[in-house]
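Read the structure below first, then the notes.
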There are 2 protein chains.
Amino acid sequence: MSATTTTPRESRRALGAGLRATAKVLPEHARAHNRALLLQHLFHAGPTSRADLARATALTRVTVSDLVSVLLAEGLVEELGVRPGRRVGKPATLVGMRTDAYQVVAVDLSDEAVVRGAVLTLAGEVVVRRSLAVDERSGDDLVDLLTRFARRLLSAATRPVIGVGVGSPGVVDPWGRVVEAPNRAWSDLPLAALLSERLGLPVQVANDADTAALGEYTYGGAAGSMLVLTVGQGVGAGIVVDGARVHGAGDAAGELGHVTVVDDGEPCACGRRGCLETVLSAPALRRAVAGLDAAEADAALAAAGRVLGAALAPVVSALNLAEVLLCGPPELLDGALRRAATDTLRERTMPAVGAGLRLRMAALGGDVVLAGAAVLVLAAQLGIS
Amino acid sequence: MSATTTTPRESRRALGAGLRATAKVLPEHARAHNRALLLQHLFHAGPTSRADLARATALTRVTVSDLVSVLLAEGLVEELGVRPGRRVGKPATLVGMRTDAYQVVAVDLSDEAVVRGAVLTLAGEVVVRRSLAVDERSGDDLVDLLTRFARRLLSAATRPVIGVGVGSPGVVDPWGRVVEAPNRAWSDLPLAALLSERLGLPVQVANDADTAALGEYTYGGAAGSMLVLTVGQGVGAGIVVDGARVHGAGDAAGELGHVTVVDDGEPCACGRRGCLETVLSAPALRRAVAGLDAAEADAALAAAGRVLGAALAPVVSALNLAEVLLCGPPELLDGALRRAATDTLRERTMPAVGAGLRLRMAALGGDVVLAGAAVLVLAAQLGIS
DNA sequence: GCGGATTAAGTCGCTCTACTAACAAACGTG
DNA sequence: CACGTTTGTTAGTAGAGCGACTTAATCCGC
């Protein structure tokens with residue numbers, strides 16, 4: 001109750017005020033947080049001296065040295081010798097994160113026919129890549145398949161694995177329980193808990209579009225308020241707002257594929273008409289441009305882009321997003337469609353919002369979901385994102 | 001790195017992982033957090049025994065007793081005697097929050113012509129209400145007027161005031177700096193810091209629609225994922241997602257008034273055409289129903305409602321909102337307009353999203369912004385929201 | 001060439017926080 | 001009336017970060 005003006009964002013984020021129900025915080029949690037702070041800085045800023053880490057985090061050098069010694073013992077960081085360059089004072093010894101000391105297993109379930117997986121370093125570099133045909137499996141069979149697939153990936157890892165991340169279609173709650181994934185015949189399935197028990201490792205599961213958003217946010221350098229639109233067999237979206245993933249009231253945030261965008265439009269698989277998927281999914285776009293010459297195809301793609309722009313305008317305005325990333329076949333998306341969507345978005349939002357907005361292709365290409373699944377593990381186990 | 005599956009939401013919210021830059025956490029911050037946890041529980045659940053508080057927060061009885069003794073000394077809580085009812089064991093002494101021991105000053109700047117203010121108890125009950133004509137004042141003059149107005153409210157308070165909350169139009173950053181408020185001729189004005197220095201009290205400033213959302217969230221019992229649409233001279237929105245206010249990349253989240261919703265629509269003050277404000281602002285609605293009989297007026301309002309529903313459908317889907325609250329003249333909003341908007345929203349979103357959605361009037365009526373401004377203070381000073 | 005300034009990192013003792021364990025008080029129950 | 005149960009308090013303990021001091025290594029100016 002001092003007269004100093006406190007900063008709402010910090011207190012909200014750091015201490016959890018602003019939520020109806022929050023967990024208690026013990027001193028050891030504070031330590032875990034500060035440890036994550038160091039890793040976060042080392043991850044994004046590269047090798048840093050202990051003194052600079054202290055300045056960056058506002059912790060004292062004593063505390064930083066103590067934490068670093070623990071991280072050194074765990075093998076998560078290493079000393080890299082003195083910092084090059086000439087300056088006054090004792091030369092600093094750089095400390096860097098050993099992104100190759102541990103590995104992460106990531107699985108991408110977004111494709112209906114194929115399970116894709118990889119072993120990645122902590123820096124997100126793919127070390128081993130595997131895939132497996134689903135062969136129409138679903139339900140518990142698919143969980144078994146997934147378990148075997150993950151075991152294969154684990155044995156292919158060349159370093160200790162800190163966890164397994166899975167990007168799955170459908171509605172997934174924050175604890176990795178798949179609430180509903182019709183195409184997989186999964187409903188109320190505690191996938192993360194199941195896999196964690198079978199594999200003996202921490203397992204994180206999230207929606208594939210959310211995962212893609214996380215991947216772009218952490219490895220792709222995307223802004224803290226952004227939306228990733230995944231265009232494949234269907235259309236989905238993952239949203240990061242003010243640096244935090246959006247879950248939504250029923251954990252179904254980002255389900256943009258079945259918003260009506262065209263009055264009296266094409267019939268949709270969901271039983272209604274004019275859903276965004278009927279215009280923007282990869283199959284729909286391919287149908288739209290089939291047999292057309294280049295100019296006609298561009299016109300068709302531009303039309304789809306305008307529909308997309310109109311649908312996104314309220315979302316972009318409401319959330320004041322800095323970026324919208326498109327994730328899908330570039331030959332369809334990264335041309336007339338993207339240009340038309342950008343123009344429409346600018347036209348239909350107020351300048352203050354539209355001017356600061358970028359609409360671009362996802363930087364990580366086809367590996368977004370895998371990279372994001374790795375980020376799930378990094379965030380949960382190391383506090384890095 | 002244990003095999004236990006951590007819960008992402010908890011770690012994100014409680015410890016701040018998930019943000020690029022976060023602040024360090026000291027043991028004393030942990031204590032402040034746990035203290036806020038107790039207040040939060042007492043605030044929402046009413047009088048509780050120390051033992052029940054321990055069970056609710058997962059803290060030990062020892063820690064709870066220690067924290068409660070501090071709160072007792074500060075006068076924030078009081079002992080209310082033994083809990084009535086017969087049960088085994090030593091009877092519990094109830095501890096309750098003294099919502100009348102301290103007061104909050106709240107100011108509502110959303111009306112162009114009048115500054116409204118109040119002194120409220122911590123429970124959000126208005127004790128004193130004042131208002132003042134703006135008389136075309138703007139810029140620094142308005143800041144001076146505001147300072148004098150706040151001083152008058154402060155001297156009208158009958159208990160110690162823990163802080164001042166202000167709901168202002170325009171773009172306000174998380175530190176209470178008004179980035180831009182054209183109607184007030186404010187630009188890049190550190191309003192919270194200025195007022196805090198002049199009044200010698202903590203001052204919180206936020207956008208009026210965001211403030212309204214907070215008010216409904218905390219005092220109105222609204223869901224953790226919801227949008228409050230304020231309909232007055234203009235149209236604005238405040239958004240709470242997963243229990244946290246949405247700020248946006250440029251702190252301009254919720255600026256829905258100037259999204260294009262009608263192709264080739266009416267010209268708007270912003271220079272473009274077909275903005276939501278041209279359909280849904282109070283003046284626009286009044287013009288639309290002027291001179292019509294009841295049935296015709298309902299048809300006109302329903303048309304506006306359908307436009308609103310179509311504009312909100314992508315937002316509701318993207319964020320998986322549980323509630324949309326309307327805040328404005330009930331004779332315009334709470335009838336054909338709301339019904340049409342609800343129907344349109346249900347039609348244009350997928351059932352999983354639309355079914356769980358409620359569209360209703362704000363519960364706090366004309367005092368939403370004042371109540372929300374009080375919540376700003378409660379959240380910043382006591383950690384209650 | 002040498003002391004002083006400067007920067008980096010380690011050591012010691014302190015305070016703060018919440019925990020466990022044990023205990024006293026007050027109530028129903030058999 | 002003894003016993004179990006629940007509440008709240010009293011020590012004592014382990015962990016966290018910090019301030020003050022010390023050691024170490026470099027540059028700079030005379």
Side-chain angles (χ1 to χ4, degrees), chain A residues 14-16 22-38 41-42 47-73 77-96 383, chain B residues 14-16 22-38 41-42 47-73 77-96 383:
Chain A
L15 297 175
T22 334
K24 63 174 174 180
V25 170
L26 305 179
E28 65 206 79
H29 297 140
R31 187 164 179 88
H33 171 91
N34 291 335
R35 187 189 121 117
L37 224 57
L38 292 187
H41 187 90
L42 290 171
T48 313
S49 73
R50 292 170 174 82
D52 282 340
L53 280 172
R55 276 185 284 267
T57 58
L59 292 162
T60 61
R61 290 195 305 263
V62 183
T63 306
V64 169
S65 282
D66 192 27
L67 284 165
V68 165
S69 72
V70 173
L71 294 174
L72 278 170
V77 305
E78 61 189 336
E79 294 205 325
L80 298 168
V82 296
R83 172 171 45 201
R86 325 174 59 72
R87 55 172 87 181
V88 287
K90 173 178 172 179
T93 54
L94 289 176
V95 190
Chain B
L15 297 175
T22 333
K24 64 174 175 179
V25 170
L26 305 179
E28 64 207 78
H29 296 138
R31 188 165 180 84
H33 170 91
N34 291 335
R35 188 189 118 116
L37 224 57
L38 293 186
H41 187 90
L42 290 171
T48 314
S49 73
R50 292 171 174 82
D52 282 340
L53 280 173
R55 276 185 285 267
T57 58
L59 293 162
T60 61
R61 292 196 307 267
V62 183
T63 306
V64 170
S65 281
D66 192 27
L67 284 165
V68 164
S69 72
V70 173
L71 295 173
L72 279 170
V77 305
E78 62 188 337
E79 294 204 326
L80 298 168
V82 297
R83 173 171 43 199
R86 324 173 61 73
R87 55 172 88 180
V88 288
K90 175 178 173 178
T93 54
L94 289 176
V95 181

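Note that this is a predicted model, so its numbers are computed, not measured. A, B, ... follow the sequence lines: proteins, then strands. Residue 1 opens every chain.
- With rounding to whole Å, A/Leu53 atom CG is found 13 Å from C/dA9 atom C1'.
- Between the P atom of C/dA9 and the CG atom of A/Leu38 lies a distance of 13 Å, rounded to the nearest Å.
- Annotation for A/His41 and A/Thr48: closest pair CD2-OG1, 3.7 Å, computed over non-hydrogen atoms.
- We find that CG of B/Asp66 is positioned 11 Å from C1' of C/dC16, with the value rounded to whole Å.
- Ranking C/dA8, C/dT20, C/dT6 by closeness to the A/Ala92 side chain, first place goes to C/dA8.
- Contacts classified as salt bridge (Lys or Arg N to Asp or Glu O under 4.0 Å) and involving residues 52-72 of chain A (residues at least two apart or in different chains) are given here: A/Arg31-A/Asp66, A/Asp52-A/Arg55, A/Asp52-A/Arg83.
- Taking the nucleotide of DNA chain D with the nearest heavy atom to each of B/Glu79 and A/Leu67, the more 5' of the two is matched to B/Glu79.
- Between B/Thr60 and C/dA18, a side-chain N or O to OP1/OP2 separation shorter than 4.0 Å is absent.
- As a whole-Å value, the separation of A/Leu59 CG from C/dA9 C1' is 16 Å.
- Taking the 5' to 3' direction, DNA chain D first and last meets chain B under 4.0 angstrom from a heavy atom at D/dT5 to D/dC18.
- Nucleotide C/dA9 holds its C1' atom 13 Å from the CG atom of A/Leu72, rounded to whole Å.
- The residue B/Val64 sits apart from the nucleic acid: no heavy atom pair falls under 4.0 Å.
- The nucleotide whose nearest atom lies closest to any side-chain atom of A/Asp52 is, among C/dA18, C/dA8, C/dT17, C/dA8.
- Across all non-hydrogen atoms, the minimal contact from B/Leu72 to B/Glu79 is CD2-N, 3.9 Å.
- Considering only side-chain N and O atoms, B/Lys90 lies nowhere under 4.0 angstrom from the phosphate OP1 or OP2 of C/dG28.
- A/Leu26 places its CG atom 13 Å from the P atom of C/dT17, with the value rounded to the nearest Å.
- A donor-acceptor pair is defined here as one N or O able to donate and one able to accept, closer than 3.5 Å; no such pair exists between the side chain of A/His33 and the backbone of A/Gly383.
- Among C/dA25, C/dC19, C/dG10, the nucleotide with an atom closest to any side-chain atom of A/Ser65 is C/dG10.
- The side-chain contact (heavy atoms from CB on, under 4.5 Å) with A/Leu53 is formed by just one residue from the set A/Leu42, A/Leu67, A/Leu59; it is A/Leu42.
- Using a 4.0 Å cut-off between a side-chain N of Lys or Arg and a carboxylate O of Asp or Glu, B/Arg35 and B/Glu28 do not qualify as a salt bridge.
- Closest-nucleotide positions on DNA chain C for A/Val88 and B/Ala58 were compared, and the one nearer the 5' end corresponds to A/Val88.
- Residue A/Leu38 is tested with A/Thr63, A/Val95, A/Val68 for a side-chain contact (heavy atoms from CB on, under 4.5 Å); the sole match is A/Val68.
- Along DNA chain D, the nucleotide nearest A/Arg61 and the nucleotide nearest A/Pro91 are compared for position; the residue whose nucleotide lies closer to the 5' end is A/Arg61.
- Here the P atom of nucleotide C/dC19 and the CZ atom of A/Arg31 are 18 Å apart, to the nearest Å.
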